[in-house]
Amino acid sequence: MSVVLVTGGSGTLGRAVVRGLVRAGHQVRLTSRSPRPAETDPGIDWHTVDYATGEGLDAACTGVDSIVHTATAVNRKRDVELTRTVVEAAVRARAPHLVYISIVGVDRIPFPYYRGKLEAETVVRESGLPWTILRTTQFHDLVLQVVSGLAVLPIMPVPSGIRVQPVEVTEVAERLITLATGRPAGNVPDLGGPETHLVADLARLYLRQQGKRRWLVPMRFPGKVFTTYRNGEHLAPEHADGTVTFAEFLAEETGKSQ
Ligand SMILES: NC(=O)c1ccc[n+]([C@@H]2O[C@H](COP(=O)([O-])OP(=O)(O)OC[C@H]3O[C@@H](n4cnc5c(N)ncnc54)[C@H](OP(=O)(O)O)[C@@H]3O)[C@@H](O)[C@H]2O)c1
């Protein structure tokens, strides 16, 4: 049994990591900016922290074997600072194994959030801590968020020529748990979803499944970021190791909301 801290344990990935760790019998701590909700599993040691000041982080890091760092801020600078704050607390806590989740293509796509992730990777590598970094493709949840967001209007703009390879978040969580409870491994092979599809095709699948009718308008977005996406720099076809497809994920989500 390991003692594992999950930063951002309330987030989409963090929740899946926490659930998987509890199921596997590990001792689980999480950090969140929010106070512990009443309905939290009593087996979870919840630490409310302020990532801006670092307050609460030392107590959260003390005595842990490893940290799975999933907390993230959308703002590039703040995201790097957040990772630096977690790293500094981990160093003070006598250097647990730090496992960082990153994104396929952060080194090739000039998107500000990705640039921040790349900087944060460097902070982890240069921390002096034992470390492991896993890059994955987009989670199904994010793709669903994008296509459902685009479907709010009767005319649905979809980026043309962009393919995605979404992966199931519980499979990412399982990989992270294996890494966090194993030896530090440095940069490990990417993890991608089982299938690659045009965003437009996944949007059609979503509409069919929701019984919605929309007029899909393919848009060729300009700029270097979209060019790199069209070139597939965010894909990992040689690591299509996830097993759950977007269609299966959607069916499961619809089942939950009925
Ligand atoms: N989503 C994807 O498709 C994808 C793909 C590959 C990698 N990743 C990486 O996986 C990690 C987790 O992603 P996720 O989709 O699970 O994210 P998420 O649902 O947004 O969760 C991130 C958590 O970070 C915490 N947080 C800390 N400081 C924050 C701030 N300043 N602003 C907003 N939230 C803050 C929040 O928890 P509290 O509010 O409780 O503090 C939040 O629940 C990220 O590092 C992301 O880059 C994501």
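Counting convention: from 1, in listed order, for ligands and their atoms alike.
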> Nearest 0.5 Å, what's the NZ-CE distance between Lys212 and Met156?
8.5 Å
> For atom 27 (C) of ligand 1, which protein heavy atom lies nearest, and how many Å away is it?
Tyr51 CE1, 3.4 Å
> Is the contact between Lys117 and ligand 1 made by the side chain, the backbone, both, or neither, using heavy atoms and a 4.0 Å cut-off?
side chain
> If we only count N/O pairs under 3.5 Å, is Gln138 in contact with ligand 1?
no
> Measure from the ring center of His197 to the ring center of Phe246 and say whether it is less than 6.0 Å.
no
> Look at the aromatic rings of Phe226 and Tyr229 and report parallel, tilted or perpendicular, splitting at 30° and 60°.
tilted
> Atom 37 (O) of ligand 1: which protein heavy atom is closest, and how many Å away?
Ser10 OG, 3.1 Å
> Closest non-hydrogen protein atom to atom 6 (C) of ligand 1, residue and atom name please, with distance?
Thr136 OG1, 3.2 Å
> Does Thr7 come within less than 4.0 angstrom of ligand 1, counting non-hydrogen atoms of the residue?
no
> Does ligand 1 come near enough to Thr72 that some N or O of the ligand is less than 3.5 Å from an N or O of the residue?
yes
> With heavy-atom distances below 4.0 Å as the criterion, list the atoms of ligand 1 near Thr137.
5 (C), 6 (C)
> What's the separation between atom CG in Asp107 and atom OG in Ser102, rounded to the nearest 0.5 Å?
8.5 Å
> Can a side-chain donor-acceptor contact be found between Thr181 and His26 if the only test is distance below 3.5 angstrom?
no
> Just one of Glu121, Lys117, Arg135 clears the side chain to side chain donor-acceptor pair (under 3.5 Å) bar with Tyr100, so which one?
Lys117
> Identify, for atom 12 (C) of ligand 1, the protein heavy atom at the shortest distance, and state residue, atom and that distance.
Thr70 O, 3.3 Å
> If we ignore angles and hydrogens, is there a donor and acceptor under 3.5 Å between the side chains of His69 and Thr7?
yes
> With a 4.0 Å cut-off on N to O distance, would you call Glu174 and Arg23 a salt bridge?
yes
> For ligand 1, which atoms sit closer than 4.0 Å to a heavy atom of Gly11?
19 (O), 21 (O), 43 (O)
> Should the proximity of Leu82 to ligand 1, defined as any heavy atom under 4.0 Å, be assigned to the side chain, the backbone, both, or neither?
side chain
> Does ligand 1 have an atom under 4.0 Å from some heavy atom of Tyr113?
yes
> Out of curiosity, Leu207 CG to Arg214 CZ, how far, rounded to the nearest 0.5 Å?
6.5 Å
> Distance under 4.0 Å to a non-hydrogen atom of Thr12: what atoms of ligand 1 satisfy this?
16 (O), 19 (O)
> Does Ser102 have a heavy atom less than 4.0 Å from any atom of ligand 1?
yes
> Distance to 0.1 Å, residue and atom name: give those for the protein heavy atom nearest to atom 13 (O) of ligand 1.
Phe139 CE1, 4.2 Å
> Identify the closest protein heavy atom to atom 16 (O) of ligand 1: which residue and atom is it, and at what distance?
Leu13 N, 2.8 Å
> Under a 4.0 angstrom heavy-atom cut-off, which atoms of ligand 1 come close to Ile101?
7 (C), 9 (C), 10 (O), 11 (C), 45 (O)
> Side chains of Gln165 and His234: closer than 4.5 Å at any heavy-atom pair?
no
> Do any N/O atoms on Arg33 end up under 3.5 angstrom from N/O atoms on ligand 1?
yes
> Does an N or O from Ile103, backbone or side chain, lie closer than 3.5 Å to an N or O of ligand 1?
no
> Is there any N or O on Ser32 that sits under 3.5 Å from an N or O of ligand 1?
yes
> Heavy atoms only: give me the nearest Ala200-Leu216 pair and the separation to one decimal.
O-CD2, 3.9 Å
> Applying the 4.5 Å side-chain criterion to the ILVMFWY set and letting contacts propagate, would Val99 and Val18 be lumped into a single cluster?
yes
